[in-house]
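Here the structure is laid out as structure tokens; the discussion comes afterwards.
Start at 1 and go down the list; that is how both ligands and their atoms are numbered.
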Amino acid sequence: MTVCNDNSNAAITAAPHIRSFVRREGRLTRGQQRALDEEWARFGIDPAVTALDLQHCFGRAAPLVLDIGFGDGEALATMAQAAPEVDFLGVEVHRPGVGHLLLRAAALDLHNLRIWCGDAVELIGQRLPANCLDRVQIFFPDPWPKARHHKRRLLQPAFVATLLRVLRPGGIVHVATDCSDYAGFALAVLQNTAGLRNTVTTGDFAARPVERPLTKFEQRGLRLGHVIHDLLFVRDA
Ligand SMILES: C[S@@+](CC[C@H](N)C(=O)[O-])C[C@H]1O[C@@H](n2cnc3c(N)ncnc32)[C@H](O)[C@@H]1O
């Protein structure tokens, strides 16, 4: 397990208390369990670390992408393989997904991928140093469609404020969703965040960037006939 504490990093903000997931452990396959036992030491980050030293984690300084809620991690592994000059940090609460990504990361011998198994709200609000990310990607976040559950949506003003702390000036926030209601909600939240600017000058959704692979939940959405929305915002310099 990668132990990478940077105790000099004191600039930590209080995270909003958003519970954006349901902790359903699910069944680990034998392969996923083996990957958690054998590969975590290579790709996993010690959850006890209070402040991440990213250069130590990755063994180099390189542009860094954070993938929040990577699911089974297939899309993240594809992106990491396609861009060896970039480092990728994936965060996911669901252990079978983490096990799945560990299997792929080992099979592809990915040197530029590290995994945080836990809550992204905690990682961003309490563990990451300021201005460390070049891109944050949130692909197909849980839509929480019922009005009484909207407070569980990840993309809320308080959460986006904590994202701004860890995103470098010029850094990108990339959201994709197949839920039209969430797309409109997220567009309004990002649009109203001081310090973020829509890369689409008409204030609309973005064209799908070529580097975003088809994700598992995107495929599900397409099967159901849903329209996919991409949102691309940049942090002002
Ligand atoms: C609908 S799935 C999308 C998975 C993947 N990005 C895809 O497109 O196939 C949303 C994922 O986000 C994860 N998730 C939700 N809230 C999270 C949080 N606060 N921290 C880490 N993971 C979270 C869930 O466990 C779930 O795997």
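A salt bridge links Asp236 and Arg197; the closest N-O separation between the charged side-chain nitrogens and carboxylate oxygens is under 4.0 Å. A salt bridge links Asp109 with Arg42: the distance from a Lys NZ or Arg NE/NH1/NH2 to an Asp or Glu carboxylate oxygen falls below 4.0 Å. One finds no salt bridge joining Arg104 and Asp72 here, because no Lys/Arg side-chain nitrogen approaches an Asp/Glu carboxylate oxygen to under 4.0 Å.
With hydrogens left out, the protein atom closest to atom 22 (N) of ligand 1 is Val93 N, 3.5 Å, a heavy atom. Considering only non-hydrogen protein atoms, atom 20 (N) of ligand 1 sits nearest to Ala120 N, 2.8 Å. For atom 24 (C) of ligand 1, the closest non-hydrogen atom on the protein side is Glu92 OE2, 3.3 Å. Protein heavy atom at the shortest distance from atom 9 (O) of ligand 1 is Phe217 N, 3.0 Å. The protein heavy atom nearest to atom 7 (C) of ligand 1 is Thr215 OG1, 3.4 Å. Remark: minimum distance from atom 1 (C) of ligand 1 to any protein heavy atom is reached at Phe140 O, 3.0 Å. Looking only at protein heavy atoms, the nearest one to atom 15 (C) of ligand 1 is Asp142 OD2, 3.3 Å.
Annotation for ligand 1: atoms under 4.0 Å from non-hydrogen atoms of Gly118 are 20 (N), 21 (C). The distance from ligand 1 to the heavy atoms of Ser20 drops below 4.0 Å at these ligand atoms: 15 (C), 16 (N), 17 (C), 18 (C), 19 (N). Near Lys216, the atoms of ligand 1 lying under 4.0 angstrom from a non-hydrogen atom of the residue are 9 (O). Near Phe70, meaning under 4.0 Å from one of its heavy atoms, ligand 1 places the atoms 5 (C), 6 (N). Heavy-atom proximity to Asp119, at under 4.0 Å, picks out these atoms of ligand 1: 18 (C), 19 (N), 20 (N). Heavy-atom contacts of Phe21 reach the following atoms of ligand 1: 15 (C), 16 (N), 17 (C), 18 (C), 19 (N) (cutoff under 4.0 Å).
Distance alone, capped at 3.5 Å, places no donor-acceptor pair between the Thr215 side chain and the Ala75 backbone. Within the 3.5 Å criterion, the main-chain N or O of Gln55 finds a donor-acceptor partner in the side chain of Asp53. Within the 3.5 Å criterion, the main-chain N or O of Val86 finds a donor-acceptor partner in the side chain of Asn112. A donor-acceptor pair under 3.5 Å is absent between the side-chain atoms of Asp178 and the main chain of Glu218, judged by distance alone. Formation of a donor-acceptor pair under 3.5 Å by the Asp134 side chain with backbone atoms of Val65 is not found in this model.
For the pair Pro141 and ligand 1, the shortest N or O to N or O distance does not fall below 3.5 Å. Among the atoms of Gly69, some N or O lies under 3.5 angstrom from an N or O of ligand 1. Residue Phe139 has at least one nitrogen or oxygen atom sitting less than 3.5 Å from a nitrogen or oxygen atom of ligand 1, judged on distance alone. Among the atoms of Ile68, none of the N or O lies under 3.5 angstrom from an N or O of ligand 1.
In this pair, Phe205 and His229 present their aromatic rings tilted. The plane angle is within the 30 to 60° band.
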| said: Run Leu123 and Leu66 through side-chain contact (heavy atoms from CB on, under 4.5 Å) and show every step you take. | reply: CA-CA 11 Å; Leu123 175 70; Leu66 176 69; 4.0 Å; yes
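The minimum heavy-atom distance between Ala194 and Leu164, with the atom names listed, is O-CD1, 3.4 Å.
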